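Input: a single structure, listed below in structure tokens.
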Amino acid sequence: MASQQEEGDLPQGFVRLRDVLDQKFVPGHIVNVIGSIIDTQALFKTSKDWKTTWSLMDWSVEDECYGVKLNIFRPRETDIPQIAYQDVVVVHRVKVQRYGGNMSFITNHQTTIRVYESSKIPRPPESASVALRPCTKKDERPELTEEIHHFVAAFYHKLDKTNAPSEEVFRQAARQSANVKDKFSLLQDVQAERFYDLIVRVVRAPHFDFDNKATLYVSDYTENPAFHDHIPENLDASQDGDVYGYTWEEPAPVAERWIAPEGKKSLQVTCWEPHSRALQEDVKLGSWIGLKNVQIRLGHDYKYLEGFVREDRTYPNRINVYPLNLDDRENMDDRLTAALRRQQAADKEKKKVIKDIKSAQVAGQKRKASQVQAIEDQPALKAKQRRAENRAKKKEEKARQNVVSAAPVAPSTKSDPPKQNPTQDVTLAGNRQIFCEKSNVGLTTIESMLEPSFMKIKIDADTVEVQVPFVNKKYLTFVRVVDFSPSCIEDFAVSRKITQYQDLSDSENSNGSSLDEDESSGGDNDPTVKRAWEWRFSLLLEDALPADGSSPARVWVTVNNGAGQCLTNLDADDLRKNRKCRYQLQDIMHILWGNLEEVKAANGEKQQASKQEVNSKPGSRGSNGNRTQMPDLDSDEEKEEASGRGKESSSRLNEIRLVSKPFTCPIKQYGVRTGKKDEWMRVFAMDGVRIKDV
DNA sequence: GGTTACGGT
């Protein structure tokens, strides 16, 4: 009951520190307090004010060694009183706050502070007024009554200071606090095995596990090469009003949603108690937060840096996660302002890319209309001649592909002049490890590419538009790979006996049927017969940017040996025998199609597709009715089937989400004979794409 | 604020 009596001893209107710690006053409450200073932090300049912190002790908290913190902010350095060890302060009208998980005081304009120099405080019943230090702040009116002077003398000499730090410790602590090591860092500068204070945005909401540990992703819109490369999914031009920018065909649940900027700009952070509690209360997707003393280390896989906010062993109550207020732009921390600017710039850039993609789509439509006229110059009946030219071109290309890598479309350095070509911006939005040949062809979509081919024919004075089986034409598309064939990667290369087919005849070369894919034809297991290996596979491509509301159009494109060499930078070989080549292929294709293999495996496509690949000769259809290589003559059917299959496929693929970066892809349309006299079908082939394994 | 960092995918 001693404390009751002590409470009674406090001058009128003053509160016990214990009651503040016990949260008897809500944050924001204004109180008067008296305490002895047991700890101090050196004065320093904030972005606006001078700041110091004192720790106060009174009878009610004398059995503890920490006291209650008083945070003093004042515009001038001289406004802050000088103090010495264990000086007694009388503080009027100070605000109670909760900061870093602890209760403390913060000054405001009304707050007055008076200090009694401890070494001069006389023993009671004398008045302590003789120990009063001069008023530092000019407008500070002394409000000290005789009652207070007498109380201070009694208070100081009665206070049990055995738990308070010694004068030596006090001095040491004060000195240490002077060498303020600013641990703030941008994410771009953090290194493993160090501790940092961060100002970041939550780009993936915290996920809490059973022991309340939280995992979240944060970004300050700076890039660190040691971070995981974030791939935004399905950048969608139809969603440019979306505040999150990157959206999904079907909105992901909030818990899984990312609003991370593209690239190596996001850090995974794990927070333990008590920090995780602060996340639970105040932090959502998109929040800006301060993180203090984040330990940076390599993650479990030793590949990427991660952050850890662990319990402070010396101060287990300390919380190093705090929400940042964006409303008061005037008094905002400069570092937060800068981070917000970076976010804004990133958002703007993203919008620009989306806009450019949209206008490229529109331009593609217009171009398509004008190209119909250009076809006039290609007489329809000179197909044979065109084929010959085509073959020559292909040979040329093959030769070139073997020597020269495809030129990147994306600007290689930041110092490049600003580019107007929309495809370049598109490339920025897509997979930066995939490059394609420079092209003077504008960007178009699979959707419009699949539209029937027409050409204009002059009959006397009239021009008639005639639908034709195919045109020779190049396209540039922005796509992702959603399926491949054959389903076994080992079958991406096929062989032929060298002796038998050394000189490929025109007809064999043009429709690709020269390749011996039949085991029973002999020679495959005959070691004396040399076999040449060639790439031959197909990829199902899907528009990465479907028009508003529509499901993306898809098309199977073939990849011939030259295109395969260019794409993978590998020479074809027997992938069942040459395991190294097989793994290299798998690694490189992973860059192109992301987790497509896993998606296919998980969705049981393997069994279905292994049958289909047996028949996968150009123009044939797999047993499941899918076109594995060549589209039909009837383009209406082709389009219908392509989109129909798309739906079916995407619902199957839903079990695991396909994660891959879209890329800019040149595609060629040309024609091949069906085998029937004068019958042609159109074929799409990927060409001039290079995956860079960096 | 100085130090210093486990604990779990």
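These figures come from a predicted structure and were not determined experimentally. What you see below is based on every heavy atom in this structure, not just the backbone, and it leaves out hydrogens, waters and symmetry mates.
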Touch class at under 4.0 angstrom, heavy-atom based, for Gln295(A) against every strand present: sugar-phosphate
Asp197(A) CG to dT4(B) P, straight-line distance once rounded to whole Å: 16 Å
Short side-chain N/O contact from Arg297(A) to OP1 or OP2 of dC6(B), under 4.0 Å: yes
Euclidean distance, atom CG of residue Asn212(A) to atom C1' of dG7(B) [Å, nearest integer]: 13 Å
Spacing of Asp39(A) atom CG relative to dG2(B) atom C1', expressed in whole Å: 11 Å
Distance-only donor-acceptor test (3.5 Å): side chain Arg318(A), base dG1(B): yes
Listed nucleotide nearest any side-chain atom of Phe308(A), set dT4(B), dC6(B), dG8(B): dG8(B)
Lys183(A) (side chain) and dT4(B) (base): donor-acceptor pair under 3.5 Å: yes
Of the listed nucleotides dT9(B), dG1(B), dC6(B), the one nearest the side chain of Phe210(A): dT9(B)
base_contact_polar (dG1(B) base, Lys69(A) side chain, donor-acceptor, <3.5 Å): yes
Under 5.5 Å and under 30°: Phe195(A) stacked on dT3(B): no
Residue Lys213(A), side-chain atoms from C-beta onward, closest of dG8(B), dG7(B), dG1(B): dG8(B)
Parallel, tilted or perpendicular: rings of Trp258(A) and Tyr217(A) (30°, 60°): tilted
Among dG8(B), dG1(B), dC6(B), the nucleotide that comes nearest once only the side chain of Thr270(A) is considered: dG8(B)
DNA chain B: 5'-proximal contact among Arg310(A) and Ala173(A) (nearest heavy atom): Ala173(A)
Euclidean distance, atom CD of residue Glu193(A) to atom C1' of dC6(B) [Å, nearest integer]: 14 Å
Donor + acceptor pair across side chains of Asp334(A), Thr337(A) (<3.5 Å): no
Value in whole Å for how far the P atom of dT4(B) lies from CG of Asn320(A): 16 Å
Length of the CD-P vector between Gln172(A) and dG2(B), whole Å: 13 Å
Of the listed nucleotides dC6(B), dT3(B), dG8(B), the one nearest the side chain of Asp312(A): dT3(B)
DNA chain B: 5'-proximal contact among Glu311(A) and Lys51(A) (nearest heavy atom): Lys51(A)
Shortest side-chain distance from Tyr315(A), nucleotide among dG1(B), dT4(B), dC6(B): dG1(B)
Listed nucleotide nearest any side-chain atom of Thr314(A), set dT3(B), dG1(B), dG8(B): dT3(B)
Flag for Thr162(A)-Asp160(A): side-chain donor and acceptor within less than 3.5 Å: yes
Sub-4.5 Å side-chain heavy-atom contact between Pro261(A) and Val203(A): yes
Sugar-phosphate, base or nothing in reach of Thr53(A), heavy atoms under 4.0 Å: nothing
NZ or CZ of Lys95(A) within 45° of Phe25(A) ring axis and under 6.0 Å: no
Between dG2(B) (P) and Tyr66(A) (OH): distance, integer Å: 17 Å
Ring centers of Phe14(A), Trp59(A) separated by less than 6.0 Å: no
Nucleotide dT3(B), atom C1' - distance to NZ of Lys292(A) in whole Å: 14 Å
